[in-house]
J.: 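Quick one: this structure, given as structure tokens, is what I'll be asking you about.
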Protein chains: 2
Amino acid sequence: MPIVSSKGKAMPESPIRKLVPFAEKAEKEGKHIFRLNIGQPDIKTPIEALNAVRNHTVEVLSYSHSAGFRSFREKLAAYYSKHQIAITADNVLITTGGSEALIFTMGSITDPGDEIIVPEPFYANYYSFSTQSSVTVVPVISSLENGFNLPDIEEFEKLITPKTKAILICNPGNPTGYLYSKEEIKKLADLAIKYDLFLISDEVYREFVYDDSKHYSILQDNRLAQHAIVVDSVSKRYSMCGARIGCLISKNKDVIDTAMKFAQARLSPPTFAQIASEAALDAPASYYTETIAKYKARRDTLVEGLQNIPGVKVSIPDGAFYCIAELPVEDAEHFSKWLLDKFHIDNQTVMLAPAAGFYSSRDKGKNQVRIAYVLNRRDLSQATKILQLALEKYQNDEYRIQEVPQKV
Amino acid sequence: MPIVSSKGKAMPESPIRKLVPFAEKAEKEGKHIFRLNIGQPDIKTPIEALNAVRNHTVEVLSYSHSAGFRSFREKLAAYYSKHQIAITADNVLITTGGSEALIFTMGSITDPGDEIIVPEPFYANYYSFSTQSSVTVVPVISSLENGFNLPDIEEFEKLITPKTKAILICNPGNPTGYLYSKEEIKKLADLAIKYDLFLISDEVYREFVYDDSKHYSILQDNRLAQHAIVVDSVSKRYSMCGARIGCLISKNKDVIDTAMKFAQARLSPPTFAQIASEAALDAPASYYTETIAKYKARRDTLVEGLQNIPGVKVSIPDGAFYCIAELPVEDAEHFSKWLLDKFHIDNQTVMLAPAAGFYSSRDKGKNQVRIAYVLNRRDLSQATKILQLALEKYQNDEYRIQEVPQKV
């Protein structure tokens, strides 16, 4: 029997999705699960987007341009200019989700064995996409104690080797909710320029910043014209995760021309999703302000709820809709499985994403979870109460010794 | 300035799309182009698919399961059973186009430096996906003179090394239109079993076989349960190239589990496109029979037209909707550019896909083009007439010495 590749074996299971079989079992048993594990918002998709698809006039569902609809790219350029990001339609490649933008970026700038430096904890799939491209992720540790702010630039500098091709950040950050300041971006820019590295910024949560914070894009630093590659997506901005539309933005023509060859190979991004995404740009300003207000309120509810639980540590996120919480447990993955498999209060329980999968360093984040605040405040409040009661019970040996089966 | 990767540089430009700038220029000059270069059918998409999207009830466009809708995979299993292919929904992973199914396949079974044997000429993007995965394509030459039938199995055997992981075929074939017989599939199966190789079959043109020929899938050979990986797509079957929905099928659980990790990393296939693709399976039998009848008639028109042109050689395709034609020119790419840039008859010209891009061997196929018969018969007839006149003029030195600009 022929066997799968070493790369295939090395591909990590999604830490966000690996508990799904336990959740399916719990639901079959009649439990209601508060899903804090996945960044799937409950916010409604803009009606402009949904109606554009309802009113489509397609008769032959043809390939689109490999770079995506020209009209969509032009409207996107106008959208970015509102965010003080001066780009043209030719700087934008429409991709099948932010995921594909990252895959094209890795392919365009790295060869097998190359290295990319990433502040840790990071979005778990950065590790998957790196593995897919046979690239090594070199982590720089940021810590909950320091609020996940940018590690000292010397920490980056000492990791740079001839194989280092890029630094990759997520701003605002998944899973930390951390928002980089303009000064921090400047420091990274200095480093990228000094060592001739690409600086990749995943900015899919651009709008979701709170408390009068301002998002500063790497594309706003003119010195980075040849170094900056931005990954973006409509998934979170318009609650359109299922569209699978994102984009890759760079003013570096070689990067765009190279990524375009990867884009041509996969032919085109999905047409209906482009119709929806282009129309979503017509959503009124109120759509953004209302969504952001909701997330801010949810964040406050969640953080307050978590801070009330003895032994839980949390850093207040400035952006995105996640936080990392440290729990008074040894193994957050075991606890997360236990929550689904062994625990309920009135047939209710909570699903968390164990944070170890957001670290490439061994043994980091083992007592941490990522929590997505994508539920309404009442549900979030109820979920934190359940979490508190669960932690009390779990800390009782009687419960901990009941082993969770490793396979379902 | 940081530079792109060697892999990025090695990625080929699409031979199907590299003439697009010349075509755009020709259209700006008011020329009508008969597009024989790309497999973009003019056939209407099933109304069932289009209406399903029109009538969608989505309010929050959420991620779907990473493997695709369960209901869709179950309906697909039923569809395959009608084609004597006995599989279950668990053997199927929904992908973003057949393209992604190939990318997942390469990632799941190869490591950088591994080799895949492919009968040549082959679908140009096999080379792109291999490059993306740092895999070497090892070609086995099939020739127009032999009607592109399966090369002697000894030709495959002598190319097998410890790095060989798979044999990849396209059946029926793009760009040749060649349909492998059951006996040929059996020979490949023997080889795959003998050397413990995966046998990958791209069967996206399954329905499009003519003259009472029968398609025989590798999944019909029970001996291949652990070796067979089938790549499929709705793009051609339902004229839904813009949906970007395909699938990867294997009874090898390790392959599916590994591909699933790649699928989880990119989160999910596009939702609206899945809605459309699932509904397309409700198209009546007449949709298939009418479409197939159309393609057969078009093939006959095209082949007859080509056979009437002095110096043109063509092999009659048994399936798909392409043929390879040898032209009485030295450099078919130069001629194809010239057609767009320098030539017209009553403001009409023809766009071809130079066939060299469908060969990985240097200097192969230089005087060949791939022609897609995706236009109606009148247009095909007109296009072959234009081609004949163009060849007459081109063979006149006066025209040939006018250099086509290399860049537009």
Side-chain angles (χ1 to χ4, degrees), chain A residues 1-2 4-8 11-14 17 40 42 44-45 50 53-54 56 58-64 66 96-97 99-100 107-112 125 128-129 132 134 196-198 226-227 239-244 254-255 258 261-262 264-273 276, chain B residues 1-2 4-8 11 13-14 17 40 42-45 50 53-54 56 58-64 66 96-97 99-100 107-112 125 128-129 132 134 196-198 226-227 239-244 254-255 258 261-262 264-273 276:
Chain A
M1 174 172 142
V4 299
S5 58
S6 304
K7 178 196 283 187
M11 278 290 283
E13 271 191 275
S14 163
R17 294 171 179 240
Q40 170 55 62
D42 63 342
K44 286 197 179 162
T45 304
L50 297 173
V53 173
R54 275 195 198 100
H56 78 78
V58 171
E59 294 195 333
V60 178
L61 188 58
S62 316
Y63 291 122
S64 67
S66 296
T96 308
S99 308
E100 191 179 64
S108 298
I109 67 168
T110 65
D111 288 306
N125 287 323
S128 309
F129 300 137
Q132 190 167 346
S134 306
D196 222 12
L197 305 176
F198 287 105
Q226 299 306 311
H227 303 72
S239 196
M240 288 174 61
C241 297
R244 312 311 304 127
D254 283 353
V255 168
T258 304
K261 293 193 285 184
F262 289 84
Q264 285 185 339
R266 66 73 163 117
L267 305 169
S268 64
T271 295
F272 286 129
Chain B
M1 176 172 140
V4 300
S5 59
S6 303
K7 179 197 282 186
M11 278 289 284
E13 271 190 276
S14 164
R17 293 171 179 239
Q40 170 55 62
D42 63 342
I43 305 282
K44 286 196 178 161
T45 304
L50 298 174
V53 174
R54 275 195 198 100
H56 79 78
V58 171
E59 293 194 337
V60 178
L61 187 58
S62 315
Y63 291 122
S64 67
S66 297
T96 308
S99 308
E100 192 180 64
S108 297
I109 67 168
T110 65
D111 289 303
N125 287 322
S128 308
F129 301 136
Q132 190 167 343
S134 306
D196 223 12
L197 305 176
F198 287 105
Q226 300 306 312
H227 304 72
S239 197
M240 287 175 61
C241 297
R244 312 311 303 129
D254 283 352
V255 168
T258 305
K261 293 192 284 183
F262 289 84
Q264 285 185 339
R266 64 72 163 119
L267 306 169
S268 64
T271 295
F272 286 128

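Computation of the quantities below employed the complete heavy-atom set of this structure, encompassing side-chain atoms and omitting hydrogens, waters and symmetry-equivalent molecules.
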J.: Most heavy-atom pairs under 4.5 angstrom with chain A, which of B:D254, B:I43, B:V4, B:T258?
T.: B:V4

J.: If I measure from the heavy atoms of chain B, does A:F129 come under 4.5 Å with its side chain, its backbone, both, or neither?
T.: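 Answer is side chain: those atoms of A:F129 sit under 4.5 Å from chain B.
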
J.: Heavy-atom pairs under 4.5 Å with chain A: which of B:Q40, B:E13, B:Q132, B:Q226 has the most?
T.: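 The option with the most such pairs is B:Q40.
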
J.: To the nearest 0.5 Å, tell me how far A:F198 CZ sits from B:M1 CE.
T.: 7.0 Å

J.: With a 4.5 angstrom heavy-atom cut-off, could you sort out which part of A:D196 is near chain B: side chain, backbone, both or neither?
T.: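 Its backbone and side chain both get close to chain B.
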
J.: For A:S64, give me all partners under side-chain contact (heavy atoms from CB on, under 4.5 Å), at least two apart in sequence or on another chain.
T.: A:F69, A:S268, A:P269, A:T271, A:Q274

J.: What are the two closest non-hydrogen atoms of A:A243 and A:A273, and how far apart are they?
T.: O-CB, 3.2 Å

J.: Checking A:S239 against chain B: side chain, backbone, both or neither under 4.5 Å from a heavy atom?
T.: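 Both parts, backbone and side chain.
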
J.: Could you check which of B:H227, B:H56, B:K7 has the highest count of heavy-atom pairs closer than 4.5 Å to chain A?
T.: B:H56

J.: Only counting residues at least two apart or in another chain, list the ones meeting side-chain contact (heavy atoms from CB on, under 4.5 Å) with B:S14.
T.: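 A:Q264, B:I16, B:R17.
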
J.: Can you tell which part of A:T45 gets under 4.5 Å to a heavy atom of chain B, answering side chain, backbone, both or neither?
T.: both

J.: To the nearest 0.5 Å, what is the distance between OG1 on A:T96 and CG on B:L267?
T.: 12.0 Å

J.: Hey, which of B:G242, B:P2, B:C241 has the most heavy atom pairs under 4.5 Å with chain A?
T.: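 Option with the top pair count is B:P2.
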
J.: Which bit of A:R244 comes within less than 4.5 Å of chain B, counting heavy atoms only: side chain, backbone, both or neither?
T.: side chain

J.: Sort B:L197 into side chain, backbone, both or neither according to what part of it lies under 4.5 angstrom from a heavy atom of chain A.
T.: backbone

J.: Can you tell which part of A:L50 gets under 4.5 Å to a heavy atom of chain B, answering side chain, backbone, both or neither?
T.: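 It is both, since atoms from each part get that close.
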
J.: Flag the one option from B:A276, B:S66, B:G97, B:S6 with the top tally of heavy-atom pairs under 4.5 Å to chain A.
T.: B:S6

J.: Between chain A and each of B:I109, B:D111, B:N125, B:V60, count heavy-atom pairs under 4.5 Å; write down the option with the most.
T.: B:D111

J.: Of all the heavy-atom pairs spanning B:F272 and B:V53, show the shortest one and how long it is.
T.: O-CG2, 3.7 Å

J.: Is B:S5 in contact with chain A via its backbone, its side chain, both, or neither, using a 4.5 Å heavy-atom distance?
T.: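 Answer is both: backbone and side chain atoms of B:S5 are under 4.5 Å from chain A.
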
J.: On a heavy-atom basis, which atom in A:A265 and which in B:S128 lie closest, and how many Å separate them?
T.: CB-CB, 3.5 Å

